[in-house]
Amino acid sequence: MKKVVVVTGASSGIGLALCGRLLSEDDRLHLCLACRNPGKAEATRASLLSAHPSAEISLVHLDVSNLQSVFQASKELKLRFGRLDYLYVNAGIMPNPQFNLKAFFSGLFSRKVIHMFSTAEGLLTQEDRVTADGLQEVFETNVFGHFILIRELEPLLCCPDIPSQVIWTSSSNARKSNFSLEDIQHVKGSEPYSSSKYATDLLSLALNRNFNQQLRFFINSLTTTPYNGAEALLWLFRQKPEFLNPLTKYHSATTGLGNNYVKPQKMDLDEETAEKFYQNLLDLEKRFGAIRAKSI
């Protein structure tokens, strides 16, 4: 039986590179591209088929910043497939950064000046927007839309015979200091991307605990191309989930000589915060029951 792999955000960047590398690894799998732009998705499918003509590649329209789209895509996937072997939760956005002049001058006369210039932490801020669902765009795209997708696809992911893997693209910019349980959408902050990526780290711990599923996370660091950035994602495709630590992130990294490798790193998480955040998302999910009902 063919393995079924769904990749969100598959038409560009690391998602596109991952699809090509997955088919090079095993062109017998069924690869489903979940993308918000139908035109780019069709072009991606054609490009992948030209390189792998015997591959089976399908499309599903999915915009994780729109819950109606998430519910509809979930419905279509449940009609098409009896199970999913891999769900790569890769789609995401980072608002255009803006230079924080106040933070720059403040940092010049602090102990953190070297850290500030070496990491740019605090120097760049981002402006977030509100979606049609009334949620912060970065939060809904990077966290909540995918959370709803996973919840809706539970019948395909939680099969008793062979465990499925959910592999979520995280970031080296995920920092505990930028996340607050009192403001999970980061409405009051200026680092929505960092907050959203730390939120996905918390969610990994909570979902593993509540579903006993091996959900794996990926960070892109020290890489120069999308191909290199997909290294950890491909490596996870080859691993048996029971041998992976749910409290570990797996970095894609590249040496100065251009050799790719995977570097594990323990996540800075605690179970109490993770569980509270998970319950917050469940409460938020209830608000959108009417949208879900329309898609059934």
Side-chain angles (χ1 to χ4, degrees), residues 3 5-27 29 31-37 39-53 55 57 59 62 64 86-97 117-121 123-124 126 138 141-142 146 165-175 193-194 196-198 200-201 204 215-239 244 248-265 267:
K3 291 181 179 179
V5 181
V6 174
V7 180
T8 72
S11 61
S12 62
I14 290 176
L16 175 57
L18 170 66
C19 289
R21 296 192 66 176
L22 285 172
L23 291 174
S24 295
E25 183 81 9
D26 181 5
D27 63 1
L29 55 80
L31 181 63
C32 181
L33 314 180
C35 307
R36 67 177 179 179
N37 186 316
K40 290 182 66 175
E42 288 285 359
T44 299
R45 181 177 182 272
S47 176
L48 290 170
L49 284 174
S50 67
H52 306 276
I57 306 174
L59 307 175
L62 171 66
V64 285
Y86 296 86
L87 172 60
Y88 280 93
V89 184
N90 171 74
I93 59 169
M94 176 189 286
N96 293 328
F117 282 109
S118 63
T119 66
E121 184 176 353
L123 289 180
L124 301 176
Q126 299 150 352
V138 174
T141 304
N142 294 359
H146 278 126
Q165 290 194 60
V166 179
I167 304 170
W168 207 327
T169 302
S170 185
S171 170
S172 55
N173 196 35
R175 295 190 176 89
Y193 181 79
S194 176
S196 72
K197 290 304 180 179
Y198 186 78
T200 64
D201 291 354
S204 72
L215 294 99
R216 291 293 159 255
F217 282 67
F218 151 76
I219 296 178
N220 175 30
S221 82
L222 302 178
T223 57
T224 56
T225 67
Y227 181 93
N228 294 348
E231 187 69 24
L233 293 173
L234 182 65
W235 180 84
L236 288 167
F237 178 77
R238 300 168 177 156
Q239 308 307 307
L244 296 171
T248 298
K249 280 181 175 178
Y250 298 93
H251 295 249
S252 290
T254 304
T255 68
L257 298 176
N259 298 316
N260 297 328
Y261 65 99
V262 176
K263 181 180 179 181
Q265 176 184 327
M267 293 188 285

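Note: hydrogens, waters and symmetry copies are ignored here, and every other heavy atom, side chains too, is used.
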Atom pair [atom1]/[atom2] of [X] and [Y] - distance to nearest 0.5 Å:
| X | Y | atom1 | atom2 | result |
| --- | --- | --- | --- | --- |
| Tyr198 | Ser170 | OH | OG | 10.5 Å |
| Ser252 | Leu233 | OG | CG | 6.0 Å |
| Asp26 | Arg238 | CG | CZ | 11.5 Å |
| Ile57 | Cys19 | CD1 | SG | 8.0 Å |
| Tyr250 | Trp235 | OH | CH2 | 5.0 Å |
| Leu62 | Leu33 | CG | CG | 11.5 Å |

Given 3.5 Å as the limit, does a donor-acceptor pair link the side chain of [X] with the main chain of [Y], or not?
| X | Y | value |
| --- | --- | --- |
| Asn90 | Thr169 | no |
| Ser47 | Ala43 | no |
| Tyr88 | Gly15 | no |
| Ser194 | Arg175 | yes |

[X] to [Y] - nearest heavy-atom pair and separation:
| X | Y | value |
| --- | --- | --- |
| Thr141 | Gly92 | CG2-CA, 4.1 Å |
| Cys35 | Ala10 | SG-N, 3.8 Å |
| Val6 | Ala34 | CG1-CB, 4.1 Å |
| Ala55 | Leu23 | CB-CD2, 3.9 Å |

Subject >> The single option from Thr225, Thr254, Thr255 passing side chain to side chain donor-acceptor pair (under 3.5 Å) against Asn260 >> reply: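 Single side chain to side chain donor-acceptor pair (under 3.5 Å) partner of Asn260 among Thr225, Thr254, Thr255: Thr254.
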Taking the side chain as every heavy atom from C-beta outward, state whether [X] and [Y] have any atom pair closer than 4.5 Å.
| X | Y | result |
| --- | --- | --- |
| Leu236 | Leu234 | no |
| Lys40 | Ser12 | yes |
| Val89 | Val64 | no |
| Phe237 | Leu22 | yes |
| Tyr193 | Met94 | yes |
| Gln165 | Leu87 | no |

**OP:** With sequence neighbours excluded, tell me which residues meet salt bridge (charged side-chain N to carboxylate O under 4.0 Å, His left out) with Glu42.
**Re:**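 Result, salt bridge (charged side-chain N to carboxylate O under 4.0 Å, His left out) vs Glu42: none returned.
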Original post:
salt bridge (Lys or Arg N to Asp or Glu O under 4.0 Å): which pairs involve residues 7-19, sequence neighbours left out?
Top reply: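 Salt bridge (Lys or Arg N to Asp or Glu O under 4.0 Å) check on residues 7-19 returns no pairs.
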**OP:** Please identify each residue that fulfils side-chain hydrogen bond (donor to acceptor under 3.5 Å, both in side chains) with Thr8, with sequence neighbours left out.
**Re:**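 Scan of Thr8 (side-chain hydrogen bond (donor to acceptor under 3.5 Å, both in side chains), adjacent residues dropped) gives His146.
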**OP:** Applying side chain to side chain contact (heavy atoms under 4.5 Å, CB included), run through His251 and Glu231 and close with a yes or a no.
**Re:** CA-CA 8 Å; His251 295 249; Glu231 187 69 24; over 6 Å; no
Subject >> Chi angles and distances behind the salt bridge (Lys or Arg N to Asp or Glu O under 4.0 Å) call for Asp201, Lys249 >> reply: CA-CA 9 Å; Asp201 291 354; Lys249 280 181 175 178; 2.5 Å; yes
Subject >> Intermediate values then yes/no, side chain to side chain contact (heavy atoms under 4.5 Å, CB included), Gln265 and Thr248 >> reply: CA-CA 5 Å; Gln265 176 184 327; Thr248 298; 5.7 Å; no
Original post:
Going through the distances and angles, do Ile93 and Asn142 end up as a side chain to side chain contact (heavy atoms under 4.5 Å, CB included)?
Top reply: CA-CA 7 Å; Ile93 59 169; Asn142 294 359; 3.9 Å; yes
**OP:** Step by step, work out the side chain to side chain contact (heavy atoms under 4.5 Å, CB included) result for Tyr227 and Leu18.
**Re:** CA-CA 7 Å; Tyr227 181 93; Leu18 170 66; over 6 Å; no
